**Student:** 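Structure below; questions to follow.
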There are 2 protein chains.
Amino acid sequence: MPDTATTVSAADSRTYSISELAREFGVTPRALRFYEDKDMLHPARDGMMRVYRNRDRARLKVILQCKRVGLPLADIREILDLYGMDRNERAQKREALKKFRQQVDTLHQQRDDIDAALEELHNGISWLESQLAIIGPASDEAESVAAYEQVAKAHMDDA
Amino acid sequence: MPDTATTVSAADSRTYSISELAREFGVTPRALRFYEDKDMLHPARDGMMRVYRNRDRARLKVILQCKRVGLPLADIREILDLYGMDRNERAQKREALKKFRQQVDTLHQQRDDIDAALEELHNGISWLESQLAIIGPASDEAESVAAYEQVAKAHMDDA
DNA sequence: GTTGACGTTGACGTTCGCGTAAAGATCGGG
DNA sequence: CCCGATCTTTACGCGAACGTCAACGTCAAC
């Protein structure tokens, strides 16, 4: 089964046009140019046109993985920079590891924020539900506004 | 204990200057003006100066609560608009309830995204750690780059 | 009188990650 | 020879939620 899969597997030394690579990863050519502008990719050139080799393809993969993980492009760039330093890749990896761990922390933080928000939301929801449960007693009286003021105050003062 | 607490409790009919109210809620005056510009607050005027009464204070409280919950200002504005309609507050509350439930869904979605990101991060971290565990065999050989390429490929192809 | 704290209204700047023209080069096909 | 597809660069737009001037008025205090 070598021939049929040739185009897909065989981690090869192909070259890619910008839109080829873009399609493969489900991004737009604009994104690739943008990453290049941010010094995250450095494709070769054939005349004017960008020529992506598998080095660039690998870097793009890293970029997109890091993006999925929520890292800002600036941080991703630093990580990629470290990978280019060739010599002391241990320091590089330690740096990347550091950033990853930081990102774990911030993600945990964000998750806690979301959980807190969800709690507040559930409070608000059950309050609204209780309000709606009171089928509508003296709702046509103009004092309903003042009533809201009162209830809202009681509700919010402990929040 | 009525006198001492007079300034704090006694849900009163005070008036607030913009910076008073801002300080009380830990936001900047600019934010309050911004909310007003977005028709979320409608303070009275004494000449040029904004005069906030407890109605506005309550609305601000709602705004900040909704913000904490992650609602965009546009949605918060709609919720506040509904509260102003006086008559049919049941429809209003149902609308708010709807938005709250929607927000619950999006927050759950975001949490799942974060969890997925955390998983990927943990994978990346343990990969980096394993790389660092190999105390550093032929790291001075120039082939370390190619080695990275290979390992990275193996790592990323299943991701 | 003048200083300083507070208020006002514009209006442009910021951050992020691209999208979206605009205007042109280059290439193969019909 | 022109068409359409694909590539290039430059550059402005966007959306969210304000920040940060600028330039000015107003007030009590010293």
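All values derive from a computational prediction rather than experimental measurement. We name chains A, B, ... by the order of the sequence lines, and we start the count at 1 in each one.
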**Student:** Do A/Tyr35 and A/Leu64 come within less than 4.5 Å of each other through their side chains, counting heavy atoms only?
**Tutor:**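 In short, these two side chains touch, coming nearer than 4.5 Å.
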
**Student:** Return the set of residues passing salt bridge (Lys or Arg N to Asp or Glu O under 4.0 Å) with A/Arg53 (not counting sequence neighbours), or none when no residue passes.
**Tutor:**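 Result, salt bridge (Lys or Arg N to Asp or Glu O under 4.0 Å) vs A/Arg53: none returned.
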
**Student:** Which residues, if any, of residues 33-49 of chain B bring a heavy atom under 4.0 Å of DNA chain D?
**Tutor:**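 Output list: B/Phe34, B/Tyr35.
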
**Student:** Five pairs at each end of the helix from C/dG1-D/dC30 to C/dG30-D/dC1: take the axis at both ends and give me the angle between them to 10°.
**Tutor:**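 The end axes of the helix from C/dG1-D/dC30 to C/dG30-D/dC1 are about 40° apart, to the nearest 10°.
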
**Student:** Check nucleotides 20-24 of chain C for protein N or O atoms closer than 3.5 Å to its own N or O atoms and list the pairs.
**Tutor:**
{"residue": "C/dT20", "atom": "O4", "partner": "A/Arg30", "partner atom": "NE", "Å": "3.1"}

**Student:** With A/Lys98, which residues qualify under salt bridge (Lys or Arg N to Asp or Glu O under 4.0 Å), at least two apart?
**Tutor:**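 Scan of A/Lys98 (salt bridge (Lys or Arg N to Asp or Glu O under 4.0 Å), adjacent residues dropped) gives A/Glu95.
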
**Student:** What residues, two or more places apart in sequence or in another chain, satisfy side chain to side chain contact (heavy atoms under 4.5 Å, CB included) together with A/Ser19?
**Tutor:**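 A/Ser17, A/Arg23, A/Pro29.
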
**Student:** So which protein nitrogen or oxygen atoms get under 3.5 Å of nucleotides 4-6 of chain C's nitrogens or oxygens?
**Tutor:**
{"residue": "C/dC6", "atom": "O3'", "partner": "B/Ser19", "partner atom": "OG", "Å": "3.4"}

**Student:** In chain order, what residues pass the salt bridge (Lys or Arg N to Asp or Glu O under 4.0 Å) check against A/Glu36, with sequence neighbours excluded?
**Tutor:**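 So A/Glu36 forms a salt bridge (Lys or Arg N to Asp or Glu O under 4.0 Å) with A/Arg45, A/Arg50.
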
**Student:** Between A/Arg57 and A/Leu21, is there a donor-acceptor pair closer than 3.5 Å when you use the side chain of the first and the backbone of the second?
**Tutor:**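 No: the side chain of A/Arg57 does not pair with the backbone of A/Leu21.
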
**Student:** List the residues meeting side chain to side chain contact (heavy atoms under 4.5 Å, CB included) with A/Asp39, not counting sequence neighbours, and say none if there are none.
**Tutor:**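 Listed in chain order: A/His42, A/Arg77.
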
**Student:** If only side-chain N and O atoms of B/Arg50 are considered, is one of them under 4.0 Å from the OP1 or OP2 phosphate oxygen of C/dT9?
**Tutor:**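 So the side-chain polar atoms of B/Arg50 do come within 4.0 Å of the phosphate oxygens OP1 or OP2 of C/dT9, strictly under.
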
**Student:** Checking side-chain contact (heavy atoms from CB on, under 4.5 Å) for the pair A/Phe25/A/Leu32: CA distance, chi angles, key distance, verdict?
**Tutor:** CA-CA 10 Å; A/Phe25 287 93; A/Leu32 299 190; over 6 Å; no

**Student:** With sequence neighbours excluded, tell me which residues meet side-chain hydrogen bond (donor to acceptor under 3.5 Å, both in side chains) with B/Glu119.
**Tutor:**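 Result, side-chain hydrogen bond (donor to acceptor under 3.5 Å, both in side chains) vs B/Glu119: none returned.
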
**Student:** Could you see if A/Met49 belongs to whatever hydrophobic cluster contains A/Leu41? Use Ile, Leu, Val, Met, Phe, Trp, Tyr and a side-chain cutoff under 4.5 Å.
**Tutor:**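 Different clusters.
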
**Student:** Taking the side chain as everything from C-beta on, heavy atoms only, tell me whether B/Leu60 gets closer than 4.5 Å to B/Met40.
**Tutor:**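 No, side chains not in contact.
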
**Student:** Are the side chains of A/Thr15 and A/Asp46 in touch, meaning some heavy atoms are under 4.5 Å apart?
**Tutor:**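 No. Closest side-chain heavy atoms not under 4.5 Å.
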
**Student:** First and last nucleotide of DNA chain D touching chain B, 5' to 3', heavy-atom cut-off 4.0 Å?
**Tutor:**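 Extent of the interface on DNA chain D: D/dA17 to D/dT20.
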
**Student:** Do A/Leu132 and A/Leu121 land in one hydrophobic cluster if side-chain heavy atoms of ILVMFWY residues count as linked below 4.5 Å?
**Tutor:**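 Shared cluster, yes.
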
**Student:** Using atom types as modelled, flag every donor-acceptor pair under 3.5 Å from a side chain in residues 101-110 of chain A to any protein atom, sequence neighbours excluded.
**Tutor:**
{"residue": "A/Arg101", "atom": "NH2", "partner": "B/Glu129", "partner atom": "OE2", "Å": "2.4"}
{"residue": "A/Gln103", "atom": "OE1", "partner": "A/Thr106", "partner atom": "OG1", "Å": "3.2"}
{"residue": "A/Gln103", "atom": "NE2", "partner": "A/Val69", "partner atom": "O", "Å": "3.1"}
{"residue": "A/Gln103", "atom": "NE2", "partner": "A/Gly70", "partner atom": "O", "Å": "3.3"}
{"residue": "A/Thr106", "atom": "OG1", "partner": "A/Gln103", "partner atom": "O", "Å": "2.9"}
{"residue": "A/His108", "atom": "ND1", "partner": "A/Val104", "partner atom": "O", "Å": "3.4"}
{"residue": "A/Gln109", "atom": "NE2", "partner": "A/Asp113", "partner atom": "OD1", "Å": "2.9"}

**Student:** Find out whether B/Lys99 and B/Ile76 are in side-chain contact, i.e. whether some heavy atom of one side chain is under 4.5 Å from a heavy atom of the other.
**Tutor:**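 SC-SC contact between B/Lys99 and B/Ile76 ruled out.
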
**Student:** Classify B/Pro72 by what it touches in the nucleic acid, base, sugar-phosphate, or nothing, heavy-atom distance under 4.0 Å.
**Tutor:**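 B/Pro72: backbone/sugar contact only, no base atoms under 4.0 Å.
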
